[in-house]
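Note that ligands are numbered from 1 as they come in the structure, with each ligand's atoms numbered from 1 the same way.
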Amino acid sequence: MALVNEHFLKIPNNYLFADVAKKVNVFKATHPKAEVISMGVGDVTQPLAPAVVEAIHKAADEMSTQSGFHGYGPEQGYDFLREAILKHEFLSRGIHLEKDEIFVNDGAKSDTGNIQELIRWDNSVGVTDPIYPVYIDSNAMIGRAGIKDENGRWSNVIYMPCIAENKFIPQIPDRRVDVIYLCYPNNPTGMVLSREELRKWVNYALHNDALIFFDAAYEAYIQDEDIPHSIYEIKGARKCAIEFHSYSKTAGFTGVRCGYTVVPKEVTASTLDGEAIQLNALWNRRQCTKFNGASYISQRAAEATYSAEGRKQVKATIDYYMRNARQILTVLKSLGLECYGGENAPYIWVKTPSETDSWTFFRQMLYGAHVVCTPGVGFGPSGEGYVRFTAFGSREHTEEALQRIKDWLK
Ligand SMILES: *Cc1c(COP(=O)(O)O)cnc(C)c1O
């Protein structure tokens, strides 16, 4: 008899965005004339940069010839992309990494979910709350999260609340954590960590033999000079941190699929006997077994984001989204709403007025303004009483949505 992995049965079936879609569909069915604008889903809307499209065409043409055909590539990614990453993402910030510390992938979601395979089932896991759900769910699927209580909290997960009261800065927990997930700039709060705050985490990890999994998917949105783009800007981080990057939000690759993971050779985890094991070698072994590489075409597309033209074009799109973000902040603040984030990230985290719960506010705005946001509680218990707005819409939709919210709240 085949026995199922029962850990899957403990994970709630309700997917936040499916729930949102269901409620929006009910509204649309009963209000067929209403035009709903979404400021909810975290997907980009603007087309790929021309330099990227040109690279995709060129790669496709190459593939149509005998000499330019590419079959399976290296599991770790092509050298042309890994070298471009080293040069443009790290050397330019004074970070020296080696090519075989970069693992190209099909996007950051896969690797932020897969990375937990490298650690034993009984490590304790610390997460900021609210949080991108992948980190907890991927640990729950193999039983590392423990048992879920009636409030949906897992017994072996340490939640570090990020709320207005602590300025959304996670505090070092009083319980030991072996593995810490950090995502900065943050999805969903849109907040960032200063160099000093990030240094606290690196020092904690170094002094406690803990690991940090650092999700940098939104680093390209950072505007302030002083905010670190990579955890490796902090001294000692290459001994304790694995970092995830993605072209999805940086360059509109959500449908193209490409990203990369950095696993420095100095990062180790311990055996029960106290022997330090290099995670770079383990991750390489894991990738060679379970992953056959990102497509040649996606990798050429990613490479094109680093050409002079590509960089300019990609930045223009980010500027476009960040103009939306500024406008959302300005309008919502002028309406008396308490707003966070949106300055170094495409997300604006808004406290609902008069202690309204997240889903009630979501519903009120959907019915009152025909605008969709994401209920904050869907990202974790500390998200209750907040909603998330995204700046990923078109200018026209963003302006129209803001006008409707103004009319609705006045
Ligand atoms: C969108 C996003 C990613 C990137 O996912 P891809 O698989 O690269 O598209 C990673 N982490 C967070 C927090 C995200 O919001």
* Should the ring pair Y78 and F80 be called parallel, tilted or perpendicular, given that the plane angle runs from 0 to 90° and is split at 30 and 60? -> parallel
* **Atom-level proximity to ligand 1, residues with heavy atom under 4.0 Å** => G107, A108, K109, Y132, Y135, C183, N187, D215, A217, Y218, S246, S248, K249, R257
* Counting distance only, does the side-chain N/O of E384 pair as donor-acceptor with the main-chain N or O of S358 below 3.5 Å? -> yes
* Asked: Are a donor atom and an acceptor atom from the side chains of H245 and E243 found within less than 3.5 Å of each other?
  -> yes
* No-hydrogen, no-angle side-chain donor-acceptor test under 3.5 Å, Y132 and D137 -> no
* Polar side chain donor-acceptor pair, S110 to N114, under 3.5 angstrom -> no
* To do: Please find out if less than 6.0 Å separates the ring center of F168 from that of Y340.
  => yes
